[in-house]
Amino acid sequence: MKEPVSSSNFIRDIIDEDLASGKHTSVMTRFPPEPNGYLHIGHAKSICLNFGLARDYGGACNLRFDDTNPTKEEVEYVESIKEDVRWLGFDWEDREYFASDYFESLYQFAVHLIKDGKAYVDSLSADEIRAYRGTLTEAGRNSPYRDRSVEENLDLFERMRAGEFPDGAHVLRAKIDMASPNMSLRDPTIYRIRKVAHHRTGDRWCIYPMYDFAHGLSDSIEGVTHSICTLEFENNRALYDWFLDNLPVTSRPRQYEFARLNISYTVLSKRKLLKLVEEKIVDGWDDPRMPTLSGIRRRGYTAEAIRNFCDRIGVAKRDSVVDVALLEYSIREDLNDRAPRFMGVLNPLRVVIENYPDGQQEELEALNHPTDESFGKRSIPFGKVIYIERDDFREDPPKKFFRLAPGREVRLRYAYFITCTDVVKDPATGEIVELRCTYDPETRGGNAPDGRKVKSTLHWVAADHAVDAEVRLYDRLFTAPDPEAAGDGDFRVCLNPQSLQTLSACKLEPALGRIESTTAVQFERMGYFCLDAHDSRPEHLVFNRTATLRDPWAKIDRQLKKGR
RNA sequence: UGGGGCGUCGUCAAGUGGCAAGACACAGGGUUUUGGUCCCUGCAUUCGGAGGUUCGAAUCCUCCCGCCCCAGCCA
């Protein structure tokens, strides 16, 4: 497996300079998720970046939950996030932190600001604060409470903590500049009253710090050197720096911003994903069509493929949309090397081999991997009646269709050459219900002693030994490259009605019935599949299609149909 | 008509004054018991635009154009 070397990017350049100049002697990063939802592939980019930097520079990366808003956060999210990061292959060892671990220190920092006359308790309502803030082009006005004395501020803030005031009665604000062209510097709120239990601190606190206040200070407390976040926080950097510059911190982290991941034909925002779940457009956060790490995992994607994908997309500052084809390429590349091959017929067409002796059965030898001998071999039963893929037969084959047709000879993989002699149809509907063929006993194993060639090789399953299974064919969830823009805000207009196609009468070779793990296998010529972790049972197998194989014929077929 | 960012192939993305990496996609060809894999080949005389500096500019300067972010007691 070729692990692409992480190409250089502006953050690595910065770290190289910092190390060379002696500004830092080691690198400390952190992945700081808010436990208010499931992680998706966009988070994977951040995880790979932060943990990857720590790994490559011999530093460390902390896992820190940014849990400063108890109204939105829950322990179950903490657990799923840990599971996802671990699955992706990263280890934070004993460095599992929570912003809530620092609440007391953060409170003391706030007191320090008040004592320095750099923070004040404001008693304006939320609406009033908004009105006083001004607009993008007009300066804001000072709150009438802005000049309260240090003593009064200290007293009020203490009583806020003590729970003497209801939610919204007061707020602690940094005293910076109401006329700043940077909105985040117009006396930002740093503490608000929230009389709700916190998933970790319970009811110990009723005032909670805001992100801007807590984040940089948490970074400092942890000795983070490079605090990496996404572009929308660029404006907040000035505030990040202000807190660190105005408080007695012992370490001085720097914030750097990179562009978040966008992928064509998919949505990647917690809000949109939540909507898909709530409106039951998908079957939960781990629906295999979801770009969540749990969905992707259930779909059969490997952590290795995701990591390679993240290495390939790079890290930069410009807004961009990565082609979903690159993601698909990444999983195919990985699975091509590691997935053992089997044969499974998704849409069965019964074939009777007329000259094959009645009642005869035999075992044929097959390779578990075409190029890697270490996968070994297996034997597959063969008999007089088999199933082939319906798409592999055309009564009236178009040009370039190499598969089976009346009078045509093809190879059954690892078995024999067969020739189609007759087509049996349902007299009522005209539907093809069975094919009659003859086989050449001399071609056992798939080669003709006389050297004659066939133009195609088909996969097949012996009817007597076939294992029944349900197979779920997944496709992209949206039909538009940019679902957000397509529906003018309503992405439901471009939902792909074919994103899930359930096939219930699939016929698989016996070995597939003995599979136990949910790691992906290849159904030859059809794609990569894995057992569904939730719904598959020994008595009712359910396979998910992870990815199709590259399929030039599908493209030709589409063009032929269009041309007609 | 406030501030902060960003503009290099269809899509990502290197490049940091010396004459446009790589990947995906796409198009050809070869090998092949998966129309898979693999292997070749092609694919930006040009870097948002216009000027300027220089022997030399994607890289420096000027002006212009376009896109993204900010007015939560969210993160």
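A, B, ... follow the sequence lines: proteins, then strands. Residue 1 opens every chain.
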Partner nucleotide of B:C55 by Watson-Crick or wobble geometry (both distances under 3.5 Å):
B:G18

Span that lies between the C1' atom of B:C47 and that of B:C19, in whole angstrom:
13 Å

Applying a 4.0 Å non-hydrogen cut-off, can you work out what A:Pro552 is touching in the nucleic acid: base, sugar-phosphate, or nothing?
sugar-phosphate

By the 4.0 Å heavy-atom rule, please label A:Met210 as base, sugar-phosphate, or nothing.
sugar-phosphate

Could you give the distance separating B:A21 and B:G15 at their P atoms, to the nearest angstrom?
14 Å

Closest approach of A:Asn236 and A:Asp212, non-hydrogen atoms and distance?
OD1-OD1, 2.9 Å

Is the backbone N or O of A:Asp337 less than 3.5 Å from a side-chain atom of A:Asp372, with the two atoms forming a donor-acceptor pair by type?
no

Quote, to the nearest angstrom, the C1' distance that separates B:U8 from B:U16.
14 Å

Counting Watson-Crick and G-U wobble pairs only, both distances under 3.5 Å, name the nucleotide matched with B:C63, or none.
B:G49

Check whether any side-chain N or O of A:Asp167 sits under 3.5 Å from a backbone N or O of A:Lys195 as a donor-acceptor pair, and report yes or no.
yes

Tell me whether the OP1 or OP2 atom of B:U32 has a side-chain N or O from A:Thr457 closer than 4.0 Å.
no

Could you say whether A:Asp551 or A:Arg332 is positioned toward the 5' end of RNA chain B, judged by the nucleotide with the nearest heavy atom to each?
A:Arg332

Is any NZ, NE, NH1 or NH2 atom of the basic residue among A:Arg254 and A:Asp18 found under 4.0 Å from an Asp or Glu carboxylate oxygen of the other?
no

Quick one: is B:C26 close enough that its OP1 or OP2 comes under 4.0 Å of any side-chain N or O from A:Lys555?
yes

Does A:Arg133 place a side-chain N or O at less than 4.0 Å from the phosphate oxygens OP1/OP2 of B:C73?
yes

What contact category does A:Asn447 fall into here, base, sugar-phosphate, or nothing, at under 4.0 angstrom with non-hydrogen atoms?
base

Indicate, with a heavy-atom threshold strictly under 4.0 Å, whether A:Arg403 touches base, sugar-phosphate, or nothing.
base

Quick one: label A:Ile129 by what it contacts on the DNA or RNA (base, sugar-phosphate, nothing), any heavy atom closer than 4.0 Å.
base

Please determine, for the side chain of A:Arg192, which listed nucleotide (B:U34, B:G2, B:A75) has the closest atom?
B:A75

Taking the inter-plane angle between the rings of A:Phe233 and A:Tyr211 on a 0 to 90° scale, is it parallel (under 30°), tilted (30 to 60°) or perpendicular (over 60°)?
tilted

Considering only atom C1', compute the distance from B:C9 to B:G5 and round it to an integer number of Å.
24 Å

Without decimals, in angstroms, what is the distance between A:Arg338 CZ and B:U37 P?
18 Å

Ignoring backbone atoms, test whether A:Tyr211 places a side-chain nitrogen or oxygen under 4.0 Å from the OP1 or OP2 oxygen of B:C74.
no

Identify whether the distance between the nearest side-chain nitrogen and carboxylate oxygen of A:Arg200 and A:Glu73 falls below 4.0 Å.
no

Rounded to whole angstrom, note down the P distance from B:G52 over to B:U11.
31 Å

Describe the nucleic acid contact of A:Thr71 in one word from base, sugar-phosphate, nothing, applying a heavy-atom distance below 4.0 Å.
nothing

Under a 3.5 Å distance rule, please check whether A:Glu164 uses its side chain to pair with a backbone N or O of A:Arg159 as donor and acceptor.
no

If you take any heavy atom closer than 4.0 Å to RNA chain B, which residues from residues 170-185 of chain A end up in contact?
A:Val171, A:Pro181, A:Met183

Aromatic plane relationship, A:Tyr102 with A:Tyr97 - under 30° parallel, 30 to 60° tilted, over 60° perpendicular
tilted

Whole-Å gap separating P (B:A75) and CD1 (A:Ile228):
21 Å

Determine: side-chain N/O of A:Arg194 to OP1/OP2 of B:C74, distance under 4.0 Å, yes or no.
yes

Does B:G36 have a Watson-Crick or wobble partner in any strand here, with both distances under 3.5 angstrom, and which is it?
none

Any base atoms under 4.0 Å from A:Asp122, or only sugar-phosphate, or nothing? Heavy atoms, all strands.
nothing

Could you tell me whether B:G72 is syn or anti, where syn means a glycosidic angle within 90 degrees of zero?
syn

Which donor-acceptor pairs under 3.5 Å do side chains of residues 131-141 of chain A form with protein atoms, sequence neighbours excluded?
unit_1, atom_1, unit_2, atom_2, d
A:Thr135, OG1, A:Thr137, N, 3.2
A:Thr135, OG1, A:Glu138, N, 3.1

Quantified in whole Å, what is the P atom distance between nucleotide B:C26 and nucleotide B:G36?
12 Å

To the nearest angstrom, the CZ-C1' distance between A:Phe157 and B:C73 comes to 13 Å

Can you say whether the rings of A:Tyr416 and A:Phe382 are parallel (under 30°), tilted (30 to 60°) or perpendicular (over 60°)?
tilted

Relative to each other, are the rings of A:Phe523 and A:Phe543 parallel, tilted or perpendicular (30° and 60° limits)?
perpendicular

Protein-nucleotide distance (A:Asn236, atom CG; B:G4, atom P), rounded to Å:
15 Å

Considering all heavy atoms of both residues, which atom of A:Thr201 and which atom of A:Phe103 are nearest to each other, and what is their separation?
CG2-CD1, 4.0 Å

Which is true for A:Phe342 with a 4.0 Å heavy-atom rule: it touches a base, it touches only sugar-phosphate, or it touches nothing?
nothing

Heavy atoms under 4.0 Å, any strand shown: does A:Tyr191 hit a base, just sugar-phosphate, or nothing?
nothing

Would you name the heavy atoms of A:Met160 and A:Ile207 that are closest together and state the gap between them?
O-CG2, 3.5 Å

For B:A25 and B:G42, measure between their C1' atoms and round to the nearest Å.
14 Å

Where protein sits on nucleotides 12-20 of chain B, one letter per nucleotide: B base, S sugar-phosphate only, - none, heavy atoms under 4.0 Å
SBSSB----

What is the distance, to the nearest angstrom, from the CD1 atom on A:Ile388 to the P atom on B:U34?
17 Å

Check whether the side chain of A:Asn235 and the base of B:G3 form a donor-acceptor pair under 3.5 Å.
yes

Describe the nucleic acid contact of A:Gln522 in one word from base, sugar-phosphate, nothing, applying a heavy-atom distance below 4.0 Å.
base

In whole angstrom, give the distance that lies between atom NZ of A:Lys400 and atom P of B:G35.
16 Å

When the distance from CD of A:Gln559 to C1' of B:A27 is rounded to whole Å, what number comes out?
12 Å

Residue from A:Arg378, A:Lys377, A:Glu373 passing side-chain hydrogen bond (donor to acceptor under 3.5 Å, both in side chains) with A:Asn368:
A:Arg378

Watson-Crick or G-U wobble partner of B:U11, both distances under 3.5 Å
B:A23

Does A:Arg550 make a side-chain N or O approach to OP1 or OP2 of B:C24 shorter than 4.0 Å?
no

Euclidean distance for C1', B:A57 against B:U45 (whole angstrom)
15 Å

On RNA chain B, does the nearest nucleotide to A:Leu136 precede the nearest nucleotide to A:Leu231 from the 5' side, or the other way round? Give the residue.
A:Leu136

Can you measure A:Met526 atom CE to B:G35 atom C1' for me and round it to whole angstrom units?
13 Å

